[in-house]
Amino acid sequence: MSGPSTAEPERIQLSSAVVRFAGDSGDGMQLTGDRFTTQTALAGNDLATLPDFPAEIRAPAGTLAGVSSFQLHFSDQDIHTPGDAPDVLVAMNPAALQKHLSALKPGGIVIVNTDAFTDRNLQKAGYEESPLHDGTMTDYQLHEVPVTGLTLRALERHIEEGALNKKEAERCKNMLALGLVSWMYSRPIAETEEWLEDKFSSKPEIADANVTALRAGWNYGNTTEAFAFTYEVKAAQLTPGRYRNITGNQAMAYGLIAASVRSGLPLFYGSYPITPASDILHELAKLKHFGAATYQAEDEIAAMGSVIGAAFGGHLAVTASSGPGIALKAEAMGLAMITELPMVVIDVQRGGPSTGLPTKTEQSDLFQLLYGRNGEAPIPVIAASSPADCFDAAIEAARIALTYRPPVALLSDGYLANSAEPWRLPAVDALPALDQAFAFTTEPNQQDGGFAPYLRDEDTLARPWALPGTPGLEHRLGGIEKEEGSGHISYDPANHHAQTAMRYARLERIGAQLPPLEVIDPSGEAEVLVLGWGSTKGPLQAACHELRARGRKGARVHLRHLAPLHPDLDDLLRSYRVVVCPENNMGQLAMLLRARTLVDVKTHNRVTGQPFASDELVEVIERMGWGEQT
């Protein structure tokens with residue numbers, strides 16, 4: 001028998017690659033993807049991720065409902081999406097292959113854990129016979145790897161010495177898969193080894209087993225003759241600076257801390273756990289050394305009430321939830337609006353209605369935040385557009401709240417919350433100085449020495465912010481309509497109309513100070529405008545880039561402020577022959593724009609729980625804008 005080949009696989013240089021790990025929700029696919037992402041960031045690539053996991057804590061093992069996946073797009077150039085179709089699919093069981101094979105590029109690489117392809121698992125996944133042998137895989141590069149068996153072989157010593165039992169050893173198979181893919185793409189694994197040793201420092205036998213499995217995966221790739229190629233994606237030329245990977249929820253938490261520091265106000269964050277917003281609470285709980293106070297309330301209504309109280313007491317007050325929780329907060333949000341106390345209400349949107357799709361993304365709460373309170377209760381609404389942008393959006397929401405004194409709704413979504421991208425750390429001194437946005441009232445504001453809590457600033461229409469206990473500034477707050485100036489209870493019809501008009505006028509004041517809209521039109525001759533908001537920015541940016549490469553002259557604008565809409569928006573939309581507005585809802589912003597501008601905004605709507613693919617948008621925009629289909 002001849003010995004193992006010493007020939008090195010040919011290394012191929014790639015500009016970008018998309019890798020998807022998929023397996024049972026107990027197979028550690030999110031952790032595997034997260035570590036591969038960290039390794040890729042250390043290699044200097046630009047990247048974007050798309051975690052996708054079931055809502056159930058533990059769905060039935062081996063079933064389609066229990067499949068969890070993590071996709072990573074990395075490149076030597078600037079990228080905007082987690083990729084449309086994977087180049088590589090790592091399928092840890094038949095259900096993962098069944099669910100994700102159709103997404104793979106023709107000719108793509110499939111690595112399957114053959115040990116999981118038992119008759120029972122095939123039946124659970126809906127296969128009558130093994131897809132590995134019935135011609136299903138003809139159009140792909142199939143690599144059959146006994147991942148579980150290789151893991152157990154690598155950990156024989158650990159099992160024999162009693163450090164692990166067989167079941168515990170099998171749990172390390174995700175690290176073997178990670179080691180193999182890391183070898184394929186020339187990713188460094190030293191940092192992952194250090195991370196494992198640190199994470200399991202109290203259980204060194206677990207740390208050693210995972211490191212051993214990781215190295216075994218790398219060595220398997222390096223010694224087997226099954227892989228003819230390895231791949232390399234060189235570092236991207238990013239703007240100079242210090243970078244870190246960040247998810248949307250992490251960026252949101254850091255943005256709130258930055259707003260607290262730059263305003264000089266202590267941060268109070270009161271919330272009730274809900275997917276996909278809970279990680280904001282978890283992240284802020286780690287940052288108490290910045291003076292952040294976190295409060296996990298017994299329900300959504302209590303959380304909203306705590307934030308109103310914190311704002312009354314002079315804190316930068318913030319809460320977060322998702323659609324179902326926002327519905328419960330709605331009445332108290334109306335109270336916050338009429339009492340005119342500054343706070344930020346974050347909605348990390350998910351698929352609805354009702355419980356809906358807890359772990360899937362959607363943009364369907366726009367109308368809920370705009371109109372989901374009784375009476376005429378207008379509040380500012382802004383939206384983050386990328387994981388890193390959640391940082392800036394949080395600061396902007398705090399700026400508006402502190403300057404104008406309304407509760408501000410800040411929209412994110414499940415895609416932004418859980419996805420990651422490189423974020424260049426900003427210079428703290430360059431962040432907005434929010435302490436200039438407000439001042440606590442400390443003296444009476446009437447000539448007779450009295451205090452009128454609803455006497456307004458002429459420029460912002462903000463009322464005074466007087467802390468409770470300030471001598472001479474005692475006042476009442478409540479949910480009944482206020483008399484202008486005094487704040488006394490008023491049932492006067494004319495006063496009620498004037499107060500309602502004032503609340504809309506305050507939104508107009510906010511709109512009047514917005515910077516000019518940034519319209520991306522390299523040719524300056526575009527007749528088609530692509531308009532988006534929120535997390536559609538990345539896919540739209542990539543789609544417009546491809547359309548321009550095809551010779552199409554199109555412009556793009558992305559809205560952060562949804563209430564108020566930018567005052568220049570009406571004229572902008574009327575200046576283009578066609579306006580296309582793709583949304584991950586059934587056309588909410590487009591409906592609003594049509595009503596406001598009478599422009600026939602064309603829509604493309606999809607609510608599958610997944611973000612748009614850029615190639616999907618290329619086809620849609622070309623057809624709607626130029627009457628052709630690619």
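All values reported here derive from a predicted model rather than from experimental measurement.
- Without hydrogens or angle criteria, S535 side chain to L416 main chain gives no donor-acceptor distance under 3.5 Å.
- Between W626 and I621 there is a side-chain heavy-atom pair separated by less than 4.5 Å.
- Contact annotation: the side chain of W423 never approaches that of P387 to less than 4.5 Å [non-hydrogen atoms, C-beta and beyond].
- Rounding to the nearest 0.5 Å places CG of D46 at 8.5 Å from OH of Y243.
- A donor-acceptor contact shorter than 3.5 Å links the side chain of R262 to the backbone of L431.
- A donor atom on one side chain and an acceptor atom on the other are not found under 3.5 Å apart for D570 and T597.
- With no hydrogens or angles considered, no side-chain donor-acceptor pair links S16 and Q77 at under 3.5 Å.
- A donor-acceptor pair under 3.5 Å links the side-chain atoms of Q349 to the main chain of S412, judged by distance alone.
- Between the side chain of N584 and the backbone N or O of G609, no donor-acceptor pair lies under 3.5 Å.
- Within 6.0 Å of CZ on R242 lie no more than 12 heavy atoms contributed by other residues, nucleotides or ligands.
- Of the inter-residue distances, the one linking L284 atom CG with D279 atom CG reads 11.0 Å to the nearest 0.5 angstrom.
- Judged purely by atom type and a 3.5 angstrom limit, R606 uses its side chain to pair as donor or acceptor with the backbone of P611.
- Evaluation of the side chain to side chain contact (heavy atoms under 4.5 Å, CB included) rule for D52 yields S69, K360, Q610 as partners, not counting sequence neighbours.
- L589 places a side-chain heavy atom less than 4.5 Å from the side chain of L559.
- Note that CE of M624 is 10.5 Å distant from SG of C581, once rounded to the nearest 0.5 Å.
- Not counting sequence neighbours, D347 has no partner by the salt bridge (Lys or Arg N to Asp or Glu O under 4.0 Å) test.
- Below 30°, between 30° and 60°, or above 60°: for W465 and F438 the angle between ring planes is between 30° and 60°, a tilted geometry.
- The CG atom of L455 lies 9.5 Å from the OG1 atom of T441; values are rounded to the nearest 0.5 Å.
- Under the 3.5 Å distance criterion, the side-chain polar atoms of E583 are matched with a main-chain donor or acceptor of A590.
- R350 is listed as a side-chain neighbour of P324, based on a closest heavy-atom distance under 4.5 Å.
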Mind running side chain to side chain contact (heavy atoms under 4.5 Å, CB included) on S614 and E546 for me, showing each step along the way?
-> CA-CA 9 Å; S614 59; E546 173 61 24; over 6 Å; no
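- The list of salt bridge (charged side-chain N to carboxylate O under 4.0 Å, His left out) pairs with a residue in residues 380-402, not counting sequence neighbours, reads D389-R560, E396-R399.
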Report the C-alpha distance between E525 and K553 in whole Å, list the side-chain angles of each, state the deciding distance to 0.1 Å, and finish with yes or no for salt bridge (Lys or Arg N to Asp or Glu O under 4.0 Å).
-> CA-CA 7 Å; E525 302 173 355; K553 295 179 180 179; 2.5 Å; yes
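- Between the side chain of T37 and the backbone N or O of G33 there is at least one donor-acceptor pair closer than 3.5 Å.
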Between T361 and D413, is a side-chain hydrogen bond (donor to acceptor under 3.5 Å, both in side chains) present by the stated rule, with each step listed?
-> CA-CA 6 Å; T361 195; D413 59 39; 3.3 Å; yes
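- No donor-acceptor pair closer than 3.5 Å links the side chain of Q71 to the backbone N or O of L50.
- R594 places a side-chain heavy atom less than 4.5 Å from the side chain of T603.
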Applying side-chain hydrogen bond (donor to acceptor under 3.5 Å, both in side chains), run through T536 and Q363 and close with a yes or a no.
-> CA-CA 9 Å; T536 61; Q363 291 183 296; 4.5 Å; no
Would you check, one step at a time, whether the test side chain to side chain contact (heavy atoms under 4.5 Å, CB included) holds for D84 with E616?
-> CA-CA 9 Å; D84 293 346; E616 167 192 2; over 6 Å; no
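- Contact check for I510 versus T403: no side-chain heavy atoms found under the 4.5 Å cut-off.
- Residues I379 and R373 meet the side-chain proximity criterion, which asks for heavy atoms closer than 4.5 Å.
- Side-chain contact annotation: E340 with Y454, donor-acceptor N/O pair under 3.5 Å absent.
- A heavy-atom distance below 4.5 Å is found between the side chains of V607 and M586.
- With hydrogens and angles left out, the side-chain atoms of S321 and K329 include no donor and acceptor closer than 3.5 Å.
- Remark: the Q499 side chain and the E484 side chain contain an N/O donor-acceptor pair separated by less than 3.5 Å.
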Residues V345, M304; criterion side chain to side chain contact (heavy atoms under 4.5 Å, CB included); working and verdict | CA-CA 9 Å; V345 179; M304 191 66 212; 3.9 Å; yes
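- A side-chain donor-acceptor contact under 3.5 Å links N45 to the backbone of V233.
- Counting only distance, with no hydrogens or angles, the side chain of H73 and the backbone of T81 share a donor-acceptor pair below 3.5 Å.
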